[in-house]
Structures are given as structure tokens and as C-alpha cells.
Amino acid sequence: KNNRLRAVLELIFMLSGGILCYVATGLAQSGYKFVFVLIITIYTMEYGIRIGTILSSVCGILILIGDYFSTIGLSRSSYFQADFMMIATFYLVSYVVGFYVQKDCQLIEHLRESANRDALTGLFNHRYFHQHLQSLVSNPASKPQYLYIADIDFFKVYNDTLGHPKGDIVLKEIANIANEIFAGGVVSRYGGEEFAFVISADDAVQARNIAEQMRLRVLEHYFEGEETMPGHHLTLSIGMAERKAVGDTVADWVARADNALYKAKSFRKNRVECYSSIYERFDNLEHITDDERIIS
């Protein structure tokens with residue numbers, strides 16, 4: 001179950017097998033020294049050039065010690081010459097294999113990063129954000145967690161009036177503002193002109209203050225051509241919802257934040273709305289029947 005311990009034990013087992021094969025077949029005169037090349041190649045591919053170099057050094061030292069003690073009374077130079085070439089091969093193999101493994105890992109990381117990012121704003125995308133929310137609801141939290149969904153007010157009007165390239169600039173600028181305000185959380189472009197953020201806060205008051213900072217920064221920021229908009233400003237409506245301590249799901253959490261955003265958009269826009277529902281106040285009153293709850 002412990003991956004690090006498994007890897008160490010596996011390496012010890014492989015090296016022991018290689019050393020046993022080397023000793024049993026005559027040390028300096030052994031024709032099975034290539035076994036060490038296989039071990040170096042395998043572990044360089046799995047763990048990279050650093051481990052490959054360390055293994056090359058260990059195997060090289062073992063071979064030189066074997067040469068020294070198994071050639072007493074014989075001409076050692078020919079064995080040492082051949083084995084120095086063998087050790088050089090160890091390092092060459094570890095470097096070449098490790099170099100390409102490193103490049104491969106960098107490419108994989110780049111592809112993973114590209115798959116998780118929105119190409120326009122550089123923020124996390126919708127898919128990654130949902131994966132992050134799933135990881136949050138699957139684990140207990142030490143502090144309350146809040147989800148925000150924000151929508152740019154009258155953004156379609158802005159796009160239709162000034163064109164989509166100008167709209168793209170607005171999205172990038174709002175993304176930069178969001179990265180500053182929600183630096184301690186995760187920021188994503190949720191879709192179209194919508195953004196989503198998740199952050200931990202001490203309480204609902206602090207969480208709302210953070211959302212208000214975001215709203216005010218957008219309100220005070222000058223966007224080219226915003227004077228043509230209703231109210232002469234580009235503004236942001238934000239809905240926020242706290243994660244329930246027990247039994248919450250991603251779908252329910254998002255639905256509550258979306259419900260709060262709908263309220264914010266309905267009530268004059270350019271506002272922060274916290275989710276609340278009178279029906280949920282009865283959820284913990286288990287002694288009340290469904291009929292009594294409906295009547296109430």
C-alpha cells in the first residue's frame with residue numbers, strides 16, 4: 001500500500017538479483033554484467049535521470065570492487081579497461097533514457113495543463129473546476145467553503161455593440177482581477193461570460209466581503225466603450241453558496257450558487273446575492289411530518 005516502500009523493496013530485490021547473477025558467474029569474468037544495464041534502464045524510465053545516475057554509480061562501484069577482488073594474481077588492466085567502458089555505458093544509458101523520459105514528462109504536463117485551462121483567459125476551465133469541486137465535497141473541510149458564480153451584466157449588448165474582440169479583452173481583464181481577489185482559491189471560466197470561484201473563509205460575512213471586493217473592482221475598472229452600456233458601466237452579478245458540512249454534492253452546491261446568481265440578476269444586477277431558502281430551515285426538524293412542513 002505504501003508506494004515509496006514498494007519501490008525501495010523492488011529496487012533492492014532487482015539489485016540483489018543482479019549482484020547474485022554477477023557473483024555466481026565469475027565476477028570480473030562474468031558475461032552477465034548487462035543485467036545492470038537493464039536495471040538502470042528500467043528505473044531511469046520510471047523515476048528519471050537522477051535515479052538512473054545514482055544507480056549507474058552504485059552498479060559501477062560494485063563492478064570495480066568485483067574486478068579488484070576477483071583478479072588477484074591476474075592481469076587486472078584488461079578487465080578494468082573493459083569494465084570502465086561498461087560503466088561509461090551505464091551513464092550514457094541513464095542520461096539518454098532519462099533525457100527522453102524528462103521530455104516526455106514535460107510534454108504530458110503541458111498537455112494536462114492545456115486540457116485544464118481556458119485558452120482565452122488562462123483560467124481553469126469548466127471540466128477542471130467540477131473535478132476540483134468533487135474533490136472538495138469528497139473530503140472534510142477545516143473551514144467553511146464558498147462557491148461563487150459570477151456573470152457579466154449585459155455582456156451580449158457589449159459584444160453586439162463593440163464586437164467580440166473587445167469582449168475577449170474584457171474577459172481577460174476580469175480574469176486578471178479575479179486572480180487577484182481570489183488568490184487563495186480556485187478561479188475558473190465557467191462558460192461564456194460566466195466565472196466561478198471557490199474559496200475557504202472564516203464565515204459568511206468574510207466570504208461575502210470577498211465577493212463584494214470582486215464586484216467593486218469590476219465596477220471601478222474602466223473597460224473600453226463601457227459608457228455605451230446601460231448604466232454606463234460593465235458590472236458583475238455574483239451568486240454565492242456555502243458548502244453543506246454533511247452530505248453535499250457538487251450538483252446541489254452548484255445549483256444553490258446558480259440560484260443565488262439568478263436572484264442577483266433579477267434584482268437590478270450589479271450585486272452579490274447569498275443563497276438562502278426558507279424550505280431548508282425545516283430540514284433538521286425531523287419530528288415534523290411532510291404534511292406539516294407543506295402546511296407551514
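From a predicted model like this one, the values you see are computed outputs, not experimental measurements.
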Measure up the [X] and [Y] rings against each other and bin them: parallel (under 30°), tilted (30 to 60°), perpendicular (over 60°).
X    : Y    : result
Y95  : F99  : parallel
Y128 : F124 : parallel
F129 : H132 : tilted

task = Kindly indicate, with the supporting measurements, whether the criterion salt bridge (Lys or Arg N to Asp or Glu O under 4.0 Å) is fulfilled by K156 and D160.
result = CA-CA 6 Å; K156 186 178 185 305; D160 292 345; 2.9 Å; yes
Shortest non-hydrogen contact from [X] toward [Y]:
X    : Y    : answer
G122 : R117 : O-NH1, 2.9 Å
M229 : D153 : CE-O, 4.0 Å
G52  : I40  : O-CG2, 4.1 Å
Y275 : A260 : N-CB, 3.7 Å
A175 : L123 : CB-CD1, 3.6 Å
M240 : A207 : CE-CB, 3.7 Å

Which distance, rounded to the nearest 0.5 Å, do you find between the [atom1] of [X] and the [atom2] of [Y]?
X    : Y    : atom1 : atom2 : value
L38  : M14  : CG    : CE    : 8.0 Å
N259 : I149 : CG    : CD1   : 10.5 Å
L147 : L136 : CG    : CG    : 9.5 Å

Is it the case that the side chain of [X] and the backbone of [Y] share a donor-acceptor pair, with hydrogens and angles ignored and the cut-off at 3.5 Å?
X    : Y    : result
S237 : K269 : no
R217 : A178 : no
S56  : F90  : yes
T161 : Y158 : no
R215 : I238 : no
Y146 : A204 : yes
Q206 : D202 : yes
D151 : L236 : no
K143 : I199 : no
S30  : G26  : no

Answer whether the closest heavy-atom distance between the side chains of [X] and [Y] falls below 4.5 Å.
X    : Y    : value
Y22  : K33  : yes
H130 : H126 : yes
I169 : E224 : no
L55  : T44  : no

Look at [X] together with [Y] and state whether they make a salt bridge at an N to O cut-off of under 4.0 Å.
X    : Y    : result
D118 : R189 : yes
E273 : R271 : yes
K244 : D252 : no

Is atom [atom1] of [X] surrounded by more than 12 heavy atoms (other residues, nucleotides or ligands) closer than 6.0 Å?
X    : atom1 : result
R127 : CZ    : yes
Y47  : OH    : yes
Y222 : OH    : yes

message = Which residue is it: R256, Q145, R243? I am looking for the one with a side chain to side chain donor-acceptor pair (under 3.5 Å) to D248.
response = R256
task = List the steps, then state whether side chain to side chain donor-acceptor pair (under 3.5 Å) holds for E226 with H232.
result = CA-CA 6 Å; E226 69 176 5; H232 310 297; over 6 Å; no
key: side chain to side chain contact (heavy atoms under 4.5 Å, CB included) partner of C59, the single match among L15, I39, I87   =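 For C59, the side chain to side chain contact (heavy atoms under 4.5 Å, CB included) check succeeds only for L15.
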Proximity of Y148 and F195 rings by center, below 6.0 Å = no
